[in-house]
Amino acid sequence: MDTKEKVLNILQDLTGNDVSEDMDSNLFDAGLLDSMGTVQLLLQLQSELGVNVPVSEFERSKWDTPNKIIAQVKELQA
Amino acid sequence: MLTFTPYENPTYFGILAIALLPIVIGLLCGKRFHWYETLISFFFLVLIFGGSKLTQGIALIAYLVYEVLLVWGYTTYRKSRNQTGIFVGAVILAILPLVVVKLTPAINGTQSIIGFLGISYLTFKVVQTIMESRDGVLKKFEPWFFIQFLVFFPTISSGPIDRYRRFKRDYDHVPSQDKYLKLLQKGVHNIFLGFVYKYMLSYLFGTLMLPKIEHQALMAHGMSWSLVGVMYVYSMYLFFDFAGYSLFAIGTSYFMGVETPINFNAPFKSHNIKEFWNRWHMTLSFWFRDFIYMRLVFFLMKHKVFKSPKTTANVTYIINMTIMGFWHGVTWYYISYGILHGVALVVNDWWLRYKKKHQDKLPHNKFTELFATFITFNFVCFTFLLFSGFLNTMLFAK
């Protein structure tokens with residue numbers, strides 16, 4: 001599984017929705033993610049992908065769509 | 001000597017306009033004069049904390065020396081090491097002056113001599129700087145810049161609460177002429193809307209209506225329609241007063257080429273309490289979200305303190321909002337205001353989950369949305385009545 005798939009799995013797990021159909025929809029506006037979901041996302045990224053994202057690094061505007069999240073994770077992996 | 005409360009009278013705005021003029025001309029020509037900005041900041045600090053308020057001025061200077069040394073010490077330490085104990089110690093030391101200032105009136109009924117207007121807003125900035133430094137996202141600490149960030153005069157007394165890295169981007173940067181002209185336009189708009197909010201609506205509700213209706217409610221002894229009136233009138237006053245002030249602070253920042261984040265976004269339109277906190281005193285609630293709620297949830301989940309994420313979220317909501325209550329002041333009505341909002345967030349989350357599960361059975365239309373806004377508005381106004389301290393006057397004052 002590549003990064004994209006793993007992230008999408010995590011998101012599906014967290015939101016209960018298949019988000020891969022609309023990769024640019026805003027997860028916060030849609031009510032699929034909130035602060036709690038965010039923290040769960042950060043923890044799962046840490047345990048499943050080994051990327052360490054401190055809470056300070058998390059700026060909502062840069063993490064609000066599936067595409068942006070994948071891009072951020074890839075950047076942190078590089 | 002004259003002293004001013006920021007944005008309280010026409011003279012203040014007159015001085016402000018003259019003082020800002022060189023900055024505006026400079027930015028229009030693509031130049032930022034940091035030395036002039038510092039001079040003006042200092043000048044306004046003297047206006048706010050000089051003369052009869054000199055004890056506050058001295059308290060501010062002592063506070064700044066203390067906090068800058070503390071953060072400087074911590075960031076220097078953090079470069080080579082990263083122990084949790086030291087981090088926690090630094091945070092405790094950072095909030096210590098604020099704790100003393102908040103506890104003193106509750107203990108002996110007088111104001112602490114180390115207090116000054118805006119101490120809590122400065123403390124937010126200090127604590128977040130320590131936390132971002134702990135997380136390793138803030139690598140370079142510049143003491144002189146840090147002071148400019150703390151005492152940025154448009155927002156010194158009551159926010160909005162900016163962030164170190166965001167403020168730094170604006171501070172180091174000269175906006176393009178096109179962008180700056182738009183900022184000026186927005187700045188003027190904010191300040192004039194602020195006039196309407198603060199000098200017309202807040203005056204109408206707070207100065208003309210509130211004392212009368214409060215008097216009626218006191219005369220009625222107990223539940224009365226006047227008390228219901230106090231609830232709505234006070235809520236309107238609180239919003240227009242604080243939102244008006246925020247518009248002044250933000251508008252002034254725009255003139256200086258700094259895009260201070262907004263504080264209010266039509267809060268009474270909210271459909272639920274969660275949305276309300278995304279629209280009301282936004283920089284405060286986002287600060288609590290980012291630096292208390294999320295970090296506490298992160299810690300509790302990582303160490304698996306509670307089995308279910310739901311429990312974790314609920315417990316943290318209550319803790320988060322209770323701390324916010326204490327921050328407002330150590331009185332029964334502020335603290336219960338905080339707890340009540342914490343409980344409301346828990347109920348709100350439960351309801352949202354319930355609604356999601358039973359989507360097909362629950363109606364959703366314009367009417368239910370209107371009803372949701374109605375309920376939220378009335379709940380919020382009720383908590384503001386509590387917050388106002390009027391119940392305390394009514395029930396306990398003789």
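Just so we're on the same page: letters track the sequence lines, and every chain starts at 1. Hydrogens, waters and symmetry mates are skipped; everything else that's a heavy atom, side chains included, is used. Values in this document were obtained by computation on a predicted structure and should not be read as measured data.
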Would you mind checking chain A against chain B for donor-acceptor pairs under 3.5 Å and listing them?
| from | atom 1 | to | atom 2 | distance (Å) |
| --- | --- | --- | --- | --- |
| A:Thr15 | O | B:Lys356 | NZ | 3.4 |
| A:Asp34 | OD2 | B:Lys274 | NZ | 2.9 |
| A:Ser56 | N | B:Asp135 | OD2 | 3.1 |
| A:Ser56 | O | B:Arg165 | NH2 | 3.1 |
| A:Ser56 | OG | B:Asp135 | OD2 | 2.7 |
| A:Ser56 | OG | B:Arg295 | NH2 | 2.9 |

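Residue contact with chain A, scored on non-hydrogen atoms closer than 4.5 Å, involves the backbone and the side chain of B:Met294 alike.
Residue B:Phe87 qualifies as enclosed at atom CZ: its count of foreign heavy atoms under 6.0 Å is above 12.
By a heavy-atom distance cut of under 4.5 Å, not one residue of residues 2-12 of chain A is near chain B.
Separation of atoms CG (A:Leu42) and CZ (B:Phe298) is listed at 6.0 Å; rounding is to 0.5 Å.
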